[in-house]
Every structure is written in structure tokens, then in C-alpha cells.
> 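Got a structure for you, questions after.
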Protein chains: 2
Amino acid sequence: MVRRTKEEAARTRSRIMDAAVDVFFDRGVANATLNEIASQANVTRGAIYWHFKNKLDVFDALNDRLQLNFADTILADLRNDHPHPLLQLERMCADLLIDLENNLDKFKVLSILFLKSDYTGEMEPYLDLQNARKKQSIELFSEYFARAKKHKHLLADVDTRVLSMALLSYITGIVVDYLRDPGSLVMREHAPKFMRLFFRNLG
Amino acid sequence: MVRRTKEEAARTRSRIMDAAVDVFFDRGVANATLNEIASQANVTRGAIYWHFKNKLDVFDALNDRLQLNFADTILADLRNDHPHPLLQLERMCADLLIDLENNLDKFKVLSILFLKSDYTGEMEPYLDLQNARKKQSIELFSEYFARAKKHKHLLADVDTRVLSMALLSYITGIVVDYLRDPGSLVMREHAPKFMRLFFRNLG
DNA sequence: GATTATACATTCGTAGTTGTTTGTTTTCGA
DNA sequence: TCGAAAACAAACAACTACGAATGTATAATC
């Protein structure tokens, strides 16, 4: 059995990536071997080397597929003017956290990005990439908070840039703590409380 | 040259650990080889295998030496009653963050624990250990906040447990974001602002 | 319907790492 | 002071994973 149709080949490729998610999650990116990924995907290493250059290239593909771009997801929702923009943001952040609990794939991929990669050597550029994306998010939030301030929805004395950095770090921390110990809290219950704590004093 | 005195042997051991910090930081725990650690410490692998069982055992020793126990460091300071306990806590957290900027060794070790380890396979127990320590910290903070609430320093309607979890996650996030991109902020300036944002609405 | 390129499987050589063993020298304890 | 063990260095053996090369059967193309 060889030489599948193009569609089958594409499915093979995505099966390899799915397998990579599992293996990276279970064994860490550095420890994961192409053999493990191959057998998890029910192919041989040959198939992986056909579709990808090497392990890093697989990671690269995963990175693309994830679209960790908070920005894109959030921006769309932020575009339309909401009567109470801060509340809107608060809800969105909570939903984003709760989604981690329901979406196993997102949980695994975020685990890979935050816990299972060391970003040394050839992987360093991917950290830079994530940091660049984060800067984008900061700018986005800053602008958003600035608008809220103009509309008197936000206290005038807060530094919007510091505020958005703080919010993003807050979310990062909640995510990381959750990934490191998923049993320690129930997102559906805790996320709204966490967010309330942060937003209660801004209005 | 062999068979040093006991003191010299102890120094060799700690030199190996120092080297391990550098190598783990630069290459990640999983990618780091004992050869790299050895040459960084100006010894051979034989020396490492004399002092440690294997790479994991070196990591274990590092884990012990760090005493990431926020608890111990903080507990001592929290013991004595402060006129304004929340302000005290706020300052302490800020100082803790600022220390990251000045103390390179702490920066590296925290990087190793948060970014350079995947905690898979044999390393899993160390994540459990850290999570257990974190639970301790939560309990500690909870109790502390509860005291503050009794003294009317804290709003009565906040859940102290959720509050301490939130604070710890907040700190985790700031730390992780800083470790991932140290150039993005200056702790001496930002840490007090971050903390002020969190504490301003509690009193 | 022959040819070519595709989509893999299989095999191979190699470099790197690990754990172990052996060797050597010096310090410590009796 | 004299063995015994400490504190390593050096050599060895085994495995593993990688990358590349090769093989091969089928789909696409004409």
C-alpha cells in the first residue's frame, strides 16, 4: 500500500501532526522521537520525512496550525462596539480560559507551547515569534482600554499600557498554573471569579 | 591530579551544579548532555557520575538547592504583625519580582523550572512537588488574607482562597512573561505598578 | 498505455550519549 | 605508616535516533 491520492496524502500529513501533538504532549518536544510520532500516526519515519524536513519542521507546522493569535480571535469580537466594553472584555477572557477545559486539543497545544518546549537552539526563533505576537496583543489591548477610558468606562489614572500587560500576564499565569496542575481548579467556576477580581476596580 | 580533600570535593560538586544551571539554561534539561555539563565544570563525566546518579539526580539536587519555597522566605516576613499587612504583602511581591532582575542565578534557575523542563517521564514527580508547594502557598496566603479581613483591612465580600490563587497566578504570569522576554519590561519600574493594580481595590 | 512523479516503506551507516568499568593518585583513619 | 577508600580520569560497550539512500507500487499526466 503506497502512493495514495492527494486527499489521502493530506490526511496522512494531518494525522502526523495530530500524532505529534500527542507525542509532544506526552514526552516533551525534545524527548519526542520521530519513531514515536510515526507509530502513533500508523506510518513510518519515511512518511514523516516526506511531508516534513525534520522534527522542528513538524513543530513549525503545528505552530502555524494553532493560530495562537489571541489577537485574531479577540479582535473580531472587539470590533463591534459593545455597550459595556470592559464587561465584554472580562467575559471574553473568562470564556477563553473556560475553553481550555473543554477543548482538549487546545489544552495540549498550549501545554506544548508553554510547558513542553524549551526554546533552545533551533527553537529559539519560535519564542521570538510568540513574543512578537504578544506585543501585538498588548498594543491591541492598550488601544482598547484607551477607548474605554475616553468613554469614561475606565478610571482616568490608570496606565493603559501597564494595564494591558498586567491583564495578559494575569491570563498567562492562570493558564500556566492550570496547565501545570489541571486538577487544582475548575475553570468554569474559577475563571469568572478570577476575572471579576481583576476588573472590579477599573470601572 | 585526583583525590582532592573533602572540601575540594564539595566544591567540585557545587561547581558541577553551577555548570548544570548554565547548561540547562542554555540547552534545556532534555537536550543537555553530561559531557556539556562536565566540560563546563572543567571535569569529566566520571566526576559527575561520582557525585550524582545521573542527569536527573543533578536536576534533583538543583531543585533542593533552589528552595523555591516562596513559603519559607515569605512566611518569615509575614510572621511579625505589620501595621498595614496588605501593603506589606504588596511590597514583598514587588521585591520578589524585582529580585529576578538583579539575581541572575535566580533568573536562570526559574527559567529552568518554568521554561526549560518538560516534566515528562521521570521528571513528572518534580512537577507534582512544585504543585504541592504551591498549594502550601495558597493555604498560607488564604490564612493571611483571612486575618486581614478580620482586621477590616480587606473587603468582606472577597473569597480569600480565590484571592490567593489569583495573586499567585498573577505573579506566575508576570514571572513567566518576564522569563520568556526579559527585554519587554524593567522590573524595578513595572513590578510596583503591577502590584498596585492588583491591590488597589482590596482595601 | 507508457512514463513520470508521488507517497510512502525499508534499509543502512553514523554520530552522539549513556552507564559501567577500570585505572590512578592521594588523603584519611587506625 | 600503611592499607583502604575517596575522588576523580579514561576507556569501553551498548544502544538509540537521525538523516539519507534506496526501493516500490500506485496515481497522475500526456
Side-chain angles (χ1 to χ4, degrees), chain A residues 1-62 112 116-118 120-123, chain B residues 1-62 112 116-118 120-123:
Chain A
M1 52 350 200
V2 267
R3 176 59 185 181
R4 318 295 174 79
T5 172
K6 293 219 177 213
E7 298 150 24
E8 275 185 292
R11 249 176 287 150
T12 299
R13 186 188 141 95
S14 90
R15 262 175 45 229
I16 291 174
M17 289 173 63
D18 292 340
V21 170
D22 286 339
V23 175
F24 285 165
F25 177 78
D26 287 337
R27 306 243 314 134
V29 176
N31 288 309
T33 76
L34 292 182
N35 248 330
E36 290 169 338
I37 297 175
S39 63
Q40 172 78 16
N42 283 339
V43 295
T44 64
R45 270 173 56 244
I48 298 181
Y49 274 104
W50 172 254
H51 287 285
F52 305 95
K53 196 181 163 193
N54 50 30
K55 191 168 74 176
L56 194 73
D57 198 35
V58 178
F59 180 84
D60 185 67
L62 284 185
I112 292 171
K116 312 292 189 173
S117 312
D118 51 29
T120 63
E122 319 256 2
M123 287 194 65
Chain B
M1 63 316 222
V2 269
R3 174 59 187 183
R4 317 297 173 76
T5 171
K6 295 222 174 210
E7 297 151 24
E8 275 184 289
R11 250 175 286 151
T12 299
R13 187 187 142 96
S14 91
R15 263 175 46 229
I16 292 173
M17 289 173 64
D18 292 339
V21 170
D22 287 339
V23 175
F24 285 165
F25 178 78
D26 288 337
R27 307 243 312 134
V29 176
N31 289 308
T33 75
L34 292 181
N35 248 331
E36 291 169 339
I37 296 175
S39 63
Q40 172 78 15
N42 283 338
V43 294
T44 63
R45 271 174 53 246
I48 298 181
Y49 273 103
W50 170 253
H51 287 286
F52 304 95
K53 195 181 164 192
N54 50 30
K55 192 169 74 175
L56 195 73
D57 198 36
V58 178
F59 180 83
D60 184 68
L62 285 185
I112 293 171
K116 312 293 187 172
S117 310
D118 52 29
T120 62
E122 319 255 3
M123 286 192 67

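Each chain gets a letter, A, B and so on, in the order its sequence line appears, and its residues count up from 1.
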> Residues of residues 36-58 of chain B with any non-hydrogen atom less than 4.0 angstrom from an atom of DNA chain C: list those, numerically ordered, please.
B:Arg45, B:Tyr49, B:Asn54
> Give a yes/no answer on whether the side chain of A:Thr33 brings an N or O atom under 4.0 Å of OP1 or OP2 in D:dT16.
no
> So does B:Ala30 get a backbone contact from the side chain of B:Lys116, meaning a donor-acceptor N/O pair under 3.5 Å?
no
> When rounded to the nearest 0.5 angstrom, what distance separates CE in A:Met17 from CZ in A:Phe59?
11.5 Å
> Give the residues of residues 16-24 of chain A touching DNA chain C, defined as any heavy atom closer than 4.0 Å, sorted by residue number.
none
> Would a distance-only check, ignoring hydrogens and angles, find a side-chain to backbone donor-acceptor pair under 3.5 Å from A:Arg45 to A:Asn35?
no
> Distance check needed: D:dA27 P versus A:Arg11 CZ, whole Å only.
13 Å
> Tell me: CD of B:Glu7 to P of D:dA6, nearest whole Å?
17 Å
> Between CZ of A:Phe24 and NZ of A:Lys55, what distance do you get to the nearest 0.5 Å?
6.5 Å
> Let's see if you can work this out: which of D:dA7, D:dG19, C:dA7 has an atom nearest to the side-chain heavy atoms of A:Leu34?
D:dG19
> State the CG-CD1 distance between B:Leu62 and B:Ile16, to the nearest 0.5 angstrom.
11.0 Å
> State whether B:Thr12 places a side-chain N or O below 4.0 Å from either non-bridging phosphate oxygen (OP1 or OP2) of D:dC8.
yes
> Atom CG of B:Asp60 and atom CZ of B:Phe52: how far apart are they, to the nearest 0.5 Å?
9.5 Å
> Quick one: CG on A:Asp22 to CD1 on A:Ile112, what's the gap to the nearest 0.5 Å?
8.0 Å
> What is the distance, to the nearest angstrom, from the CG atom on B:Asn31 to the P atom on D:dA17?
14 Å
> Could you give the distance from CG (B:Asn31) to CD (A:Glu122), rounded to the nearest 0.5 Å?
10.5 Å
> Rounding to an integer number of Å, can you tell me how far A:Asn35 CG sits from D:dC15 P?
16 Å
> Going through the checks in order, is the side-chain contact (heavy atoms from CB on, under 4.5 Å) test met by A:Phe25 and B:Thr120?
CA-CA 9 Å; A:Phe25 177 78; B:Thr120 62; over 6 Å; no
> Rounded off to whole Å, could you give me the CD-to-P distance for the B:Glu8 and C:dT26 pair?
12 Å
